[in-house]
Amino acid sequence: MEDMDLLARFENVEDLSDPTLIDDLQMVLEQIQAEDEEFMQILLDKKESMVVTWEQPWYQEPNCLTRPLKVKDDVSQDYRTDTICSEEAELISKNWKDFRKTYGVPNKPACLARWRNKDKSRHPNTPEELVRRFIMAYLARGLNRTIYQVYKFFITHYGNRFKGRYSVYEEKIMLVCMYHKPKNVVPYLSAVLGREPRGIYKKLLQLSNGKIIERNNFKWTLPLCTTFLKLLMKYTGEPLENLQNKRFGTSIWVQLEEAMGKEHLCLQMFWYNSLHVQLFVRCDIKINKLRKKILKKLKLYPYKIWSDIRWKEILEHFPDGFTHGFLYKTTSNIFRKYKDYRQTPLEKLIDYGLKRIKTMPNKRLKTLILNEKQELEIINYKK
DNA sequence: CTCGGCCTGTTTATCTTCGC
DNA sequence: GCGAAGATAAACAGGCCGAG
């Protein structure tokens with residue numbers, strides 16, 4: 001873990017322009033890449049014996065590794081498309097073990113997961129691509145999944161070592177990179193930090209906006225909501241009633257971000273998960289009654305565990321104005337305390353939930369209306 | 001035309017903070 | 001100490017580009 005010591009020295013960095021910093025990062029990256037290349041070489045040496053000898057379902061045969069399988073309309077899609085569940089993850093891990101034993105390969109799945117075909121030919125017949133495809137096919141044995149699905153899973157679960165909140169030194173490293181601008185900075189940082197690229201991208205965006213500020217103490221008050229709503233109407237040119245169930249282009253959100261001084265993803269989240277519901281649900285809703293109804297509806301579906309739930313399907317049972325995000329949040333609150341609720345059989349979970357609801361405070365959904373003064377006002381349902 | 005890599009929008013999950 | 005709100009990160013997904 002000595003490269004961690006090296007990285008940790010970034011924690012106290014003051015001068016981002018110091019060229020030795022980026023040199024050190026470059027060194028770390030090269031070490032990682034050298035390790036990956038070396039591992040790839042070991043695999044390439046075994047290429048001759050990499051022959052598919054087992055029966056493959058049709059959807060595991062095609063060449064495409066990094067993109068979804070194109071399915072012709074007339075072919076029934078007999079593989080799973082939902083998120084890979086824990087049982088499948090175990091099988092993949094078992095297949096990997098089997099593979100490396102059979103082929104005498106060191107146990108370094110991360111190397112393969114990180115390796116990218118940057119300089120070599122991308123033709124499916126090149127040795128590197130053959131090897132990658134063979135291994136993913138090997139890992140897909142016994143699964144009703146395409147090679148692409150398994151590849152994706154492999155990348156995210158074996159390639160990224162770190163999850164959770166970003167630490168100070170990670171942020172500093174990003175700032176150093178923003179200053180020195182290495183090529184393809186997102187994949188670069190993803191490799192150096194062992195983090196998922198999408199998260200890096202967002203973090204960089206945040207840092208460059210300099211909007212890390214005022215994250216504390218932000219509160220959506222009624223006047224703030226009014227301002228937000230008015231701006232939304234202004235930028236879209238639509239009256240309130242047309243905003244229901246609408247999606248807005250990024251440019252609209254960026255305008256709002258500037259006007260409100262708040263990251264547009266937060267605004268988006270607030271709009272769909274809160275304000276939308278408060279504006280467009282036009283009846284008196286008691287939250288616990290709603291929770292109960294959601295749980296009852298969940299029983300109608302063949303979902304096995306929590307992550308199988310497709311909230312947009314559930315949404316169809318509820319009146320206009322609700323959003324799937326709101327339903328998700330409201331329901332997940334029930335299970336906050338339930339250990340491993342995402343792995344628990346849904347039936348059991350629902351029974352627990354129905355009991356648990358009775359102990360939760362029974363609140364009303366606050367709904368809002370734009371009054372004659374064009375200000376948002378809470379609708380009072382109590383007689 | 002195909003592919004992989006990269007970029008970025010959307011959905012889901014988890015962590016932190018705040019007010020009661 | 002608790003639940004809800006808010007913030008942040010992970011996972012999923014699709015589009016674009018350039019090389020062959």
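First the proteins, then the strands, lettered A, B, ... as listed; each starts at 1.
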Base, sugar-phosphate or nothing for [X]? Non-hydrogen atoms, less than 4.0 Å.
{"X": "Arg114(A)", "result": "nothing"}
{"X": "Tyr151(A)", "result": "sugar-phosphate"}
{"X": "Arg247(A)", "result": "sugar-phosphate"}

Whole-Å distance between [N] [atom2] and [X] [atom1]?
{"X": "Leu207(A)", "N": "dT8(C)", "atom1": "CG", "atom2": "C1'", "value": "13 Å"}
{"X": "Leu349(A)", "N": "dA13(B)", "atom1": "CG", "atom2": "P", "value": "12 Å"}
{"X": "Arg116(A)", "N": "dC6(B)", "atom1": "CZ", "atom2": "P", "value": "7 Å"}
{"X": "Glu129(A)", "N": "dT2(B)", "atom1": "CD", "atom2": "P", "value": "17 Å"}
{"X": "Ile155(A)", "N": "dG4(B)", "atom1": "CD1", "atom2": "P", "value": "12 Å"}
{"X": "Arg133(A)", "N": "dC3(B)", "atom1": "CZ", "atom2": "P", "value": "10 Å"}
{"X": "Arg356(A)", "N": "dG3(C)", "atom1": "CZ", "atom2": "C1'", "value": "8 Å"}
{"X": "Glu313(A)", "N": "dT12(B)", "atom1": "CD", "atom2": "P", "value": "11 Å"}

The criterion is salt bridge (charged side-chain N to carboxylate O under 4.0 Å, His left out); which residues satisfy it with Lys296(A), sequence neighbours excluded? none
Applying salt bridge (charged side-chain N to carboxylate O under 4.0 Å, His left out) to Glu88(A) and not counting sequence neighbours gives Arg80(A), Arg145(A)
When you check the phosphate oxygens OP1 and OP2 of [N], does a side-chain N or O of [X] lie under 4.0 Å from one of them?
{"X": "Tyr201(A)", "N": "dT8(B)", "value": "yes"}
{"X": "Lys163(A)", "N": "dA11(C)", "value": "yes"}
{"X": "Trp306(A)", "N": "dT12(B)", "value": "no"}

What are the two closest non-hydrogen atoms of Ile357(A) and Lys292(A), and how far apart are they? CD1-N, 3.7 Å
In chain order, what residues pass the side-chain contact (heavy atoms from CB on, under 4.5 Å) check against [X], with sequence neighbours excluded?
{"X": "Tyr179(A)", "value": "Leu16(A), Ser17(A)"}
{"X": "Leu222(A)", "value": "Leu368(A), Leu376(A), Ile378(A)"}
{"X": "Asn242(A)", "value": "Glu238(A), Pro239(A)"}
{"X": "Arg116(A)", "value": "Lys118(A), Tyr151(A), Ile155(A)"}

Cation-pi between Arg132(A) and Trp115(A): NZ/CZ under 6.0 Å from ring centre and within 45° of the ring axis? no
Heavy atoms from C-beta onward define the side chain here; which of [options] lies closest to that of [X]?
{"X": "Lys203(A)", "options": "dT12(B), dC7(B), dA9(C)", "answer": "dA9(C)"}
{"X": "Trp220(A)", "options": "dA4(C), dC7(B), dG6(C)", "answer": "dG6(C)"}
{"X": "Arg195(A)", "options": "dG5(B), dA9(C), dG3(C)", "answer": "dA9(C)"}
{"X": "Pro124(A)", "options": "dT11(B), dC3(B), dG4(B)", "answer": "dC3(B)"}
{"X": "Pro187(A)", "options": "dT8(C), dC6(B), dT12(B)", "answer": "dC6(B)"}

Ring pair (Phe, Tyr, Trp, His ring centres under 6.0 Å) test vs Trp253(A) passes for just one of Phe248(A), Phe270(A), Tyr235(A), namely Phe248(A)
Does any residue of residues 267-282 of chain A have a heavy atom under 4.0 Å from DNA chain C, and if so, which ones, in number order? Met269(A), Phe270(A)
Please list, by residue number, the residues of residues 320-338 of chain A whose heavy atoms come closer than 4.0 Å to an atom of DNA chain C; answer none if no residue qualifies. Lys329(A), Asn333(A), Arg336(A), Lys337(A)
Check whether the side chain of Lys202(A) and the base of dT10(B) form a donor-acceptor pair under 3.5 Å. yes
Ring pair (Phe, Tyr, Trp, His ring centres under 6.0 Å) pairs touching residues 341-364 of chain A, sequence neighbours excluded, are Trp306(A)-Tyr341(A), Tyr338(A)-Tyr352(A)
Once salt bridge (charged side-chain N to carboxylate O under 4.0 Å, His left out) is applied, what residue pairs with a partner in residues 55-67 of chain A remain, sequence neighbours excluded? none
Output one letter per nucleotide in nucleotides 12-20 of chain C: B when a protein non-hydrogen atom lies under 4.0 Å from the base, S when only the sugar-phosphate is that close, - when neither is. B-----B--
Contact list for residues 312-325 of chain A, test side chain to side chain donor-acceptor pair (under 3.5 Å), sequence neighbours left out: Tyr301(A)-His317(A), Tyr303(A)-Glu313(A)
Taking NZ, NE, NH1 and NH2 as the nitrogens, is one of them in Lys120(A) or Glu129(A) under 4.0 Å from a carboxylate oxygen of the other? no
